[in-house]
Amino acid sequence: LPAPLLLAQAKPGVVADLEIPGAGKKDPPIVYAVYRATTARGDAKLPLILALHGGTGNARQFASFLMCVAEAQGAILVAAQGFREVVGADGYWWKGDAAEQAMLDRLLEHVRQTLPVEPNRLAVVGLADGAELGMRWAVEKDRGVRGVIAVNFLWKPPGPPKAPKELKFCLIASR
């Protein structure tokens, strides 16, 4: 969507369900939800929180769950939706592969072009398989990610992530 239309749909205090059309089979549509904090002031550039739901979740559900985080930070929250539909449930999951990482890059580029976000004030919040994908994606290359919150109760990280010094991590995990 062009910036004025996207801004109109990203009304403060309301979760909006949006989609970026795909350009073919190798470039599927990206489904995501946006929440703009009511605490955001004026026309200033805002921090961005990229949220990745857990298995059997979806973008709207996770955005609705994390609205309070966006409010506390005066931020824009963008919750991406996994590609793989869970059979028999209204949910999706992440595999963590190169296609999903490319999708997150495409989504981030789109959001930075259409919403008033600061390029280097990006935090990633992930749950379960969304946490694994988010952590990998955040450290792979410099995308302006400055913080990661990874919540995963079934996964043990293979070791400390290699990341830029300015990147802060909060890993919540148990086995």
In Å and rounded to the nearest 0.5 Å, what is the [atom1] to [atom2] distance from [X] to [Y]?
X	Y	atom1	atom2	answer
Q81	W94	CD	CH2	8.0 Å
L133	W93	CG	CH2	11.5 Å
M103	D97	CE	CG	9.5 Å
Y35	L66	OH	CG	11.5 Å
D17	N58	CG	CG	8.0 Å
L50	L107	CG	CG	6.5 Å

Taking every non-hydrogen atom, the tightest pair across [X] and [Y]:
X	Y	value
Y32	A80	CB-CA, 4.1 Å
P47	G74	CD-O, 3.5 Å
N120	G144	OD1-CA, 3.4 Å
L52	G130	CD1-O, 3.4 Å
R106	P28	NH1-O, 3.1 Å
A70	A37	O-CB, 3.4 Å

Next on the checklist: Around atom CZ of F65, are there more than 12 heavy atoms from other residues, nucleotides or ligands closer than 6.0 Å?
Outcome noted: no
Next on the checklist: Hydrophobic cluster membership, with links at side-chain heavy-atom distances under 4.5 Å among I/L/V/M/F/W/Y: are V111 and V31 in one?
Outcome noted: no
Item to check | Transitive ILVMFWY side-chain link V78 to Y92, under 4.5 Å | outcome: no
With side chains defined as the heavy atoms from C-beta onward, is the minimum distance between [X] and [Y] less than 4.5 Å?
X	Y	value
R36	L46	yes
L104	V124	no
L77	V69	no
Q113	E109	yes

Checklist entry - Looking only at atom types and distance, does a side-chain atom of E100 sit under 3.5 Å from a main-chain N or O of K95, one as donor and one as acceptor? => result yes
Checklist entry - Looking only at atom types and distance, does a side-chain atom of R143 sit under 3.5 Å from a main-chain N or O of D105, one as donor and one as acceptor? => result no
Next on the checklist: Taking salt bridge (Lys or Arg N to Asp or Glu O under 4.0 Å) as the definition, give me every residue that meets it alongside E71, ordered by chain and number, with sequence neighbours left out.
Outcome noted: none
Checklist outcome for this item: Residues passing the side chain to side chain donor-acceptor pair (under 3.5 Å) test with R112, sequence neighbours excluded, are none
Checklist entry - By side chain to side chain donor-acceptor pair (under 3.5 Å), which residues pair with Q73, not counting sequence neighbours? => result none
Checklist entry - Is it true that R136 and E140 make a salt bridge, defined as a side-chain N closer than 4.0 Å to a carboxylate O? => result no
